[in-house]
Amino acid sequence: MHDPSQLLQFPGRIGLGTWKMGASRAERAHEIAAVSHALAAGYRLIDTAELYGDGGAERIIGSALRGFRAARRAELFIVSKVLPSNASRRGTIRACEDSIARMGCDYLDLYLLHWRGSHAFRETLQAFQDLHQRGLIRHFGVSNLDVADLEEWVEAERQLGAGEGLRCNQLYYSLETRGIEYSLLPWQRARGISTMAYSPLGQGSLASHRELARLGRERGVSAAQIALAWTIRTPDVVAIPKSVQPRRIDENLAAAQITLSAGELAQLDQLFPAPRSKRPLATT
Ligand code: NDP
């Protein structure tokens, strides 16, 4: 079920995050315009969750998608997540149907368990398999799971048998949060499970980091672009920075074209050392 040579194919290495969108009526038009701008600029990977704005972020995406021709749905890769409190077999199915209805997108390309809750993995997994059979999700995965959780998840997959296994774990990963490099990334890499890096700009803090800005100036790019190029430096990691500002949306997408040199990577390792011991995963 987990073939290391079969990494999930994303349409691009940078996607658009949507956390904090859809929470305020006053920002609605501005946020719809931002997502529409991202689509026009070439973003094809969009990350959201039923949690964000209590469905509001999915409604923002739905409004932006109405301007995007239905015939082009296949170009997009839409990711959403079920809340752990909804992740029973029936609850997951209902949550997925509601997410699809809010976005009017017919199906999800990837559906994730947002973090581990009290429902047994087996329940969520059965729902994912049902949804997959009905064509409502193309792939499924998890978020914020560590190696011990993943081993349990994979065991639940083995017991249920048949069907594809999880394809992606969405994790907090940035220059200043490298904890997953210790054991989680290698574990996933060995099994062909993709990593989707959330908060790759450190929720904005890395975009104003003095040393990153200096490194960026040397090659005519921004601190944010250095941070993003670093996050996606290996083929099994994609990143989903969030912005509602058109200039930043363009800037972040362009980071996918940057390949950092060995010298630059060494400087970044000095500034933000790789982990030497296992750290617990932060869950947001
Ligand atoms: P990011 O690291 O993407 O940072 C977003 C912040 O940085 C915003 O304040 C944004 O402001 C600002 N920003 C974006 N681009 C630039 C730029 N080029 N220059 C300067 N500032 C910039 O943080 P997020 O926490 O939003 O993570 C990204 C996405 O990951 C989320 O939106 C969500 O989709 C997902 N996520 C998933 C989690 C999970 O548990 N699975 C947890 C957290 C996030 P502005 O909008 O004003 O540009």
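Ligands are counted one by one from 1 in listed order, and the atoms in each one are counted from 1 as well.
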Please state which part of [X] comes within less than 4.0 Å of ligand 1, counting heavy atoms only: side chain, backbone, both or neither.
| X | answer |
| --- | --- |
| Tyr52 | side chain |
| Leu206 | neither |
| Pro200 | both |
| Gln203 | both |
| Lys20 | neither |
| Ser199 | both |
| Ala224 | side chain |

Is the closest basic N to carboxylate O distance between [X] and [Y] below 4.0 Å?
| X | Y | answer |
| --- | --- | --- |
| Arg248 | Glu251 | no |
| Arg44 | Glu75 | yes |
| Lys81 | Asp47 | yes |
| Arg73 | Asp109 | yes |
| Asp269 | Arg178 | yes |
| Glu181 | Arg233 | yes |
| Arg158 | Glu155 | yes |

Best match, Lys81, Lys242, Arg248, Met21: closest heavy atom to atom 14 (C) of ligand 1 = Lys242
Return the option from Asn144, Ile249, Leu112 holding the heavy atom at the smallest distance from atom 40 (O) of ligand 1.
-> Asn144
Hey, is ligand 1 close enough to [X] that some N/O pair sits below 3.5 Å?
| X | value |
| --- | --- |
| Thr48 | no |
| Val244 | yes |
| Ala207 | no |

Could you list which atoms of ligand 1 come closer than 4.0 Å to a heavy atom of Gly204?
-> 4 (O), 6 (C), 7 (O)
Below 4.0 angstrom from a heavy atom of Glu251, which ligand 1 atoms are there? Numbered from 1 as shown, please.
-> 18 (N)
Stacked cation flag Arg189 on Trp187, 6.0 angstrom / 45 deg = no
Taking the non-hydrogen atoms of Tyr172, is any one of them nearer than 4.0 angstrom to ligand 1?
-> no
Looking only at side chains, do Asn252 and Gln225 share a donor and an acceptor under 3.5 Å apart?
-> no
Quick check, are the ring centers of Tyr111 and Phe128 under 6.0 angstrom apart?
-> yes
